[in-house]
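Counting convention: from 1, in listed order, for ligands and their atoms alike.
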Amino acid sequence: MRTGYDLELVHLTKRYGDTLAVRDLNHVFHPGSYVCLLGPSGCGKSSTLRMIAGHETVSEGAIVLDGQDVSTLSPAQRGTAMMFQNYALFPHLNVRDNVAFSLRMKGVDKATRHAKANELLALVQMTAYADRLPAQLSGGQQQRVALARALITQPKVLLLDEPLSALDPFLRIQMRAELKRIQRELGIIFIHVTHGQDEALALADEVVVMNNAVIEQSGPPREVWGAPRTEFVARFMGGHNVITLEGGKVALRADDVKLAETAGTPGLPATVTSVEYQGATVALSARTAAGEEVFAILPEEGFFKTPKSPGDAVTLAWDEGRLHRLQA
Ligand code: ADP
Ligand code: MG
């Protein structure tokens with residue numbers, strides 16, 4: 001099922017005293033999309049999310065959900081729900097009552113709210129744990145309960161602030177697949193804040209990269225990763241070299257770098273600084289005459305036909321059209 005709501009940020013700004021945490025964001029989140037808000041610590045991700053949720057006031061601008069300006073509504077009125085990083089479950093309530101809590105506050109009768117809670121516990125695969133207390137659950141299980149609890153209000157938008165950061169790497173990968181499945185099933189907008197580019201690439205229909213309180217670039221993950229517009233995005237998303245050529249900066253994917261077969265072919269002369277065997281690929285880095293470090297991901301078969309070692313002179317090359325110029 002797809003729902004038709006979209007969420008728009010209009011000149012959204014947040015100031016804390018003299019700190020400009022979010023500067024003039026303009027963005028449309030499309031119906032049914034999984035959006036990852038990605039950027040380094042302190043760039044304004046949580047402030048943006050908290051303003052959307054209504055847990056933080058808006059300094060300037062507006063938040064428009066489904067055509068309605070919700071900027072001044074209380075969190076419970078605006079049709080959003082937030083899943084907190086620390087889960088914030090009530091320790092004295094069992095899992096089912098934790099999930100049903102907001103319905104109890106609304107005065108929904110017990111049979112109805114338990115039926116609804118059971119439905120959401122099934123969605124997050126926690127039916128078997130309904131009668132347990134939070135302390136009797138693992139971190140991953142508590143998180144599923146927190147997710148069910150946020151979803152019971154039937155939000156149009158679910159907001160998740162670094163939801164996977166407390167989990168160990170194995171659970172993190174399992175849980176991110178679960179989040180994606182649940183978002184697809186519900187068809188609502190998920191806005192998931194993360195500082196991990198892998199997580200954003202794995203999950204998102206749209207990646208929104210923030211830096212210094214502004215959106216640097218947004219788009220489908222392949223577009224943002226494959227065609228970074230700025231040096232910041234190229235470096236932050238990873239997998240690219242930023243090289244100075246003819247006075248300007250260009251981005252070149254590490255897997256687009258080749259070693260020219262013969263000396264004298266066009267390219268960038270460099271000296272190998274390290275070689276790491278990675279199985280299917282070899283990661284090589286080399287320093288150019290200008291002192292820039294360039295990384296190459298080379299198919300292992302080709303590499304071992306003419307293996308290189310640190311100190312060897314090489315010529316770095318690439319196919320026509322694979323460089324792209326970055327905005328200054
Ligand atoms: P992120 O989630 O991307 O790490 P935040 O939105 O938490 O970034 O913070 C953005 C900026 O706003 C930072 O400089 C941070 O120190 C500041 N900030 C966040 N919350 C507050 C607050 N409650 N009071 C004052 N400054 C804050
Ligand atoms: Mg944050």
*atom 1 (P) of ligand 1: the protein heavy-atom neighbour that sits closest, reported with distance to 0.1 Å*: Gly42 N, 3.5 Å

*Determine yes or no for a side-chain-to-main-chain donor-acceptor pair under 3.5 angstrom, with Thr288 supplying the side chain and Ala270 the backbone.*
no

*Output yes when the distance from some N or O of ligand 1 to some N or O of Thr48 is under 3.5 Å, and no in every other case.*
no

*Looking at ligand 1, does Gly39 have a heavy atom less than 4.0 Å from it?*
no

*Test of proximity, Lys45 against ligand 1: N or O pairs below 3.5 Å*: yes

*Part of Pro40 with heavy atoms under 4.0 Å of ligand 1, whether side chain, backbone, both or neither*: backbone

*Tell me yes or no: between the side chains of Ser274 and Ser285, is some donor less than 3.5 Å from an acceptor?*
yes

*Region of Arg15 engaging ligand 1 - heavy atom pairs below 4.0 Å*: neither

*Are Asp161 and His192 linked by a side-chain donor-acceptor pair shorter than 3.5 Å?*
no

*asked:* Below 3.5 Å, N or O to N or O, backbone or side chain included: is there any such pair between Ala21 and ligand 1?
replied: no

*Please report which non-hydrogen protein atom sits nearest to atom 24 (N) of ligand 1, along with the residue it belongs to and the distance in Å to one decimal place.*
Tyr16 CD2, 3.4 Å

*Short N/O/S contact of Ser47 with the Mg ion (ligand 2) (below 2.8 Å)*: no

*atom 7 (O) of ligand 1: the protein heavy-atom neighbour that sits closest, reported with distance to 0.1 Å*: Ser46 CB, 3.7 Å

*Say whether Thr57 and Lys14, considering side chains only, have a donor N or O and an acceptor N or O under 3.5 Å apart.*
yes

*Could you pull out, from Ser47, Ala213, Cys43, the option with a heavy atom nearest to atom 6 (O) of ligand 1?*
Ser47

*Is Lys14 near ligand 1, meaning one of its heavy atoms is under 4.0 Å from it?*
no

*Under 3.5 Å between some N or O of ligand 1 and some N or O of Thr19?*
no

*First locate atom CG of Leu9, then atom CG of Asp24, and finally report the distance between them rounded to the nearest 0.5 Å.*
11.0 Å

*Please determine, by modelled atom types, if Thr230 and Gln217 share a side-chain donor-acceptor pair under 3.5 angstrom.*
no

*Indicate yes or no: does Asp205 engage Lys180 in a salt bridge with an N to O separation below 4.0 Å.*
yes

*asked:* Is it true that His11 and Glu60 share a donor-acceptor pair across their side chains at a distance under 3.5 Å?
replied: no

